[in-house]
Amino acid sequence: MTTIIYWFRNDLRLEDNPAFKEACRDATLLLPIYIHANYKDELTHWGFPRIANHAKAFLQASLKDLRSQLAAKGSTLLEFKGDAAEIMQVLRDQTQSGLVYCEQIEAPEELDQVTVIEGLGFKVKQFWQSSMLDPRDLPFDLKDMPDIFTRFRQDIERDGLSYALPIVAPEFIPPLPCLNQHEGQRESLLSKQSESPFVGGECSGLAHLSQYLDRRLPDTYKQTRNQLMGMDYSSKFSPWLSLGCLSPRVIADRLKNYELIHGANDGTYWLWFELLWRDYFRFLHFKYGRKLYQPKGLGKQQPNSFHEEQFYQWSSGLTGEDLIDAGMRELQQTGFLSNRMRQVLASYWIYDMKGDWRAGAAWFESQLIDYDVYSNQGNWLYITGGGTDPRGGRPFNVQKQAKDHDPDGVYRAMWLAK
């Protein structure tokens with residue numbers, strides 16, 4: 001008899017979840033769990049909460065949806081709060097199993113969690129499954145991958161790579177092992193939070209993807225993606241991608257089917273192109289690892305100093321620069337921002353206010369419902385010049401951005417009035 005603990009991390013879905021499907025195949029008894037790590041409740045080095053309300057609300061809805069899907073197949077999701085290693089030890093005592101299956105996450109905190117658990121004698125089987133492309137299909141070893149995105153993309157396209165085919169959800173989930181009821185919660189451990197403009201969970205994510213394709217919004221994606229307002233200017237896949245409620249392979253596969261019916265165009269290509277950017281930031285972690293989390297990243301320039309009063313002005317939308325203040329208020333009130341505004345806000349903090357990029361990156365982590373460790377780190381390094389971009393930084397002219405993307409001041413008026 002084989003008992004497996006399945007540790008859901010940023011893969012809160014059943015469709016195209018190779019790790020969970022293999023756990024279902026290998027286990028006689030299977031215990032699906034989610035751990036709310038203590039460090040996520042701590043204050044950052046800069047003095048604000050690690051995760052704010054909108055992100056908590058989206059996670060809560062995502063876990064509720066996952067639990068419902070598991071229940072429909074005769075299982076459930078147990079939630080735990082605390083230190084992952086300590087929780088695993090308790091579960092080993094309860095289940096007599098030291099075998100853990102989980103998603104592989106190549107970021108420092110997540111790697112450290114696994115290292116500690118393995119040090120306690122657990123066998124942890126990790127599965128890489130958060131990218132559109134399978135690393136095994138790439139025309140280069142990840143440790144030797146091209147630094148420049150354009151070269152990376154060209155190599156991918158030259159070899160005719162598009163995406164790895166997704167797999168279907170498991171039809172059967174093994175029964176639960178015996179476990180003390182008090183050892184796990186079958187309801188969310190998160191307190192009720194403010195309502196989010198997005199509803200978390202795989203079911204909501206798949207519904208959003210379907211309506212996006214049914215309304216033929218991919219056709220206009222390239223033309224509208226830099227707009228600042230509305231639900232339809234961009235795909236809005238990122239919230240569900242961030243927690244793994246949607247697989248990028250499912251999106252790519254649905255997009256390919258869309259092209260077979262309606263034809264390929266600039267919009268469909270550009271959606272794939274953005275998913276490739278997402279892969280690129282992930283794969284860079286296999287090459288550079290913790291170097292990406294150094295104060296200067298991969299660059300030579302030390303970060304700017306941190307000034308608490310300036311940070312308060314920036315994060316609260318009180319800088320006196322209307323476009324910046326509108327963007328920061330949208331972020332606080334909704335937990336979301338257009339990609340264009342994220343770049344402008346980051347640039348303003350780094351180059352105009354001379355702020356420490358790490359504080360800005362931490363603020364985005366706290367506020368965004370679609371926070372993704374790879375993309376957040378990669379994009380902030382891209383703006384500050386600490387990544388692989390040969391230009392060594394990307395300062396934006398705020399006045400030009402306002403003129404180009406909010407010429408009538410509608411966006412500014414909307415958020416400055418709130």
Side-chain angles (χ1 to χ4, degrees), residues 12-17 58 61-62 65 69 130-133 149 153 156-157 160-169 196-281 330 334-343 368-370 372 375 379 404-408 410-411 414:
L12 305 184
R13 65 181 185 274
L14 298 187
E15 186 175 350
D16 193 42
N17 190 327
F58 192 80
S62 299
D65 178 79
Q69 291 197 69
S130 68
S131 58
M132 177 176 65
L133 295 167
F149 173 76
R153 175 185 59 79
I156 297 298
E157 292 186 315
L161 298 177
S162 182
Y163 63 95
L165 289 174
I167 63 172
V168 298
S196 169
F198 298 88
V199 178
E202 182 177 17
C203 291
S204 295
L206 290 171
H208 174 76
L209 173 60
S210 292
Q211 68 84 29
Y212 185 81
L213 298 174
D214 289 344
R215 295 166 62 207
R216 298 200 59 176
L217 292 175
D219 297 352
T220 56
Y221 173 76
K222 187 177 180 182
Q223 290 74 39
T224 62
R225 66 191 180 90
N226 280 322
Q227 293 179 10
L228 307 184
M229 296 176 62
M231 278 296 293
D232 295 339
Y233 66 78
S234 68
S235 71
K236 303 298 190 300
F237 298 153
S238 59
W240 291 281
L241 282 168
S242 68
L243 291 180
C245 302
L246 272 182
S247 160
R249 298 172 185 181
V250 168
I251 295 174
D253 192 53
R254 294 281 298 275
L255 194 61
K256 177 58 68 175
N257 290 334
Y258 177 92
E259 289 181 330
L260 292 174
I261 297 170
H262 301 293
N265 54 51
D266 285 347
T268 58
Y269 173 78
W270 218 256
L271 281 164
W272 176 84
F273 180 89
E274 296 295 352
L275 289 172
L276 190 64
W277 259 109
R278 182 177 179 273
D279 274 12
Y280 167 76
F281 283 140
E330 180 188 9
T334 70
F336 194 83
L337 278 171
S338 66
N339 184 62
R340 173 62 53 171
M341 281 306 302
R342 296 181 199 206
Q343 293 178 311
L368 288 169
I369 64 170
D370 63 350
D372 174 282
S375 295
N379 278 308
D404 290 347
H405 302 290
D406 189 33
D408 298 323
V410 176
Y411 175 80
M414 177 180 178

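- Taking 4.5 Å as the limit, every side-chain heavy atom of V168 sits out of range of all side-chain heavy atoms of D16.
- Residue pairs meeting the ring pair (Phe, Tyr, Trp, His ring centres under 6.0 Å) criterion with at least one member in residues 242-264, sequence neighbours excluded, are Y258-H262.
- Contacts of S338 classified as side chain to side chain contact (heavy atoms under 4.5 Å, CB included), with partners at least two apart in sequence or in another chain: L228, Y233, R340, M341.
- Nearest approach of L275 to I251, heavy atoms of both residues: CD1-CG2, 3.9 Å.
- R278 has no carboxylate O lying under 4.0 Å from a charged side-chain N of E274, or vice versa, which leaves the two without a salt bridge.
- Taking CD from E15 and CD from Q69, the interatomic distance works out to 9.0 Å, rounded to the nearest 0.5 Å.
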List the steps and the verdict of side-chain contact (heavy atoms from CB on, under 4.5 Å) for L368 and R342.
CA-CA 10 Å; L368 288 169; R342 296 181 199 206; 3.5 Å; yes

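- In this structure, the side chains of R13 and S247 come closer than 4.5 Å at one or more pairs of heavy atoms.
- Using a 4.5 Å heavy-atom cutoff, the side chains of L213 and L255 are in contact.
- Note: M414 CE to D406 CG = 11.5 Å, rounded to the nearest 0.5 Å.
- For F58 and F198, the gap between ring centers reaches or exceeds 6.0 Å.
- Taking both residues in full, the closest heavy atoms of S62 and C245 are given as OG-SG, 3.4 Å, listed atom of the first, atom of the second, then distance.
- Between K236 and S234, the shortest heavy-atom contact is NZ-OG, 3.2 Å.
- One distance of note links SG of C203 with NE2 of H208; it measures 15.0 Å at 0.5 Å rounding.
- Here the shortest heavy-atom pairing between L133 and R249 reads O-NH2, 3.5 Å.
- Of the possible polar contacts, none joining the D408 side chain to the V410 backbone as a donor-acceptor pair under 3.5 Å is found.
- Remark: side-chain polar atoms of T268 are not paired, donor with acceptor, to backbone N or O of A264 under 3.5 angstrom.
- Using a 4.5 Å heavy-atom cutoff, the side chains of Y269 and N265 are not in contact.
- Judged by distance alone, the side chain of R153 and the main-chain N or O of F273 form no donor-acceptor pair under 3.5 Å.
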Starting from the C-alpha separation in whole Å, work towards a yes-or-no answer on side-chain contact (heavy atoms from CB on, under 4.5 Å) for L206 and V250.
CA-CA 9 Å; L206 290 171; V250 168; 4.2 Å; yes

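- Among all heavy-atom pairs drawn from L246 and G205, the shortest one is CD1-O, 3.6 Å.
- D232 and R215 are joined by a salt bridge, as a carboxylate oxygen and a charged side-chain nitrogen come within less than 4.0 angstrom of each other.
- Looking at heavy atoms from C-beta onward, L217 lies out of side-chain contact with T224 at the 4.5 angstrom threshold.
- With hydrogens and angles ignored, the 3.5 Å screen pairs no side-chain donor or acceptor of S204 with any backbone N or O of G201.
- For the pair L241 and D372, the minimum side-chain heavy-atom distance is 4.5 Å or more.
- Aromatic ring orientation, Y212 versus F237: perpendicular (interplanar angle above 60°, classes split at 30° and 60°).
- The closest donor-acceptor contact from the side chain of W240 to the backbone of V199 lies under 3.5 Å.
- Scanning all heavy atoms of the two residues, the minimum distance from T334 to I369 falls at O-CG2, 4.4 Å.
- When only modelled atom types and interatomic distance are considered, Y411 and Q227 share no side-chain donor-acceptor pair under 3.5 Å.
- Side chain of D65 to main chain of E202: a donor-acceptor pair is present (N/O by atom type, distance under 3.5 Å, no hydrogens or angles).
- No salt bridge links D253 with K256; every basic N to acidic carboxylate O contact stays at or beyond 4.0 Å.
- A donor-acceptor contact shorter than 3.5 Å links the side chain of D279 to the backbone of M132.
- Side-chain contact between R225 and N339: absent, with no pair of heavy atoms (C-beta onward) separated by less than 4.5 Å.
- Donor-acceptor pairing under 3.5 Å is lacking for the side chains of D370 and S242.
- A side chain to side chain donor-acceptor pair (under 3.5 Å) with D219 is found for one member of Q223, K222, R216 and no other, namely R216.
- The shortest side-chain heavy-atom distance between L271 and S235 falls under the 4.5 Å cut-off.
- A search for ring pair (Phe, Tyr, Trp, His ring centres under 6.0 Å) contacts involving F281 returns W277, not counting sequence neighbours.
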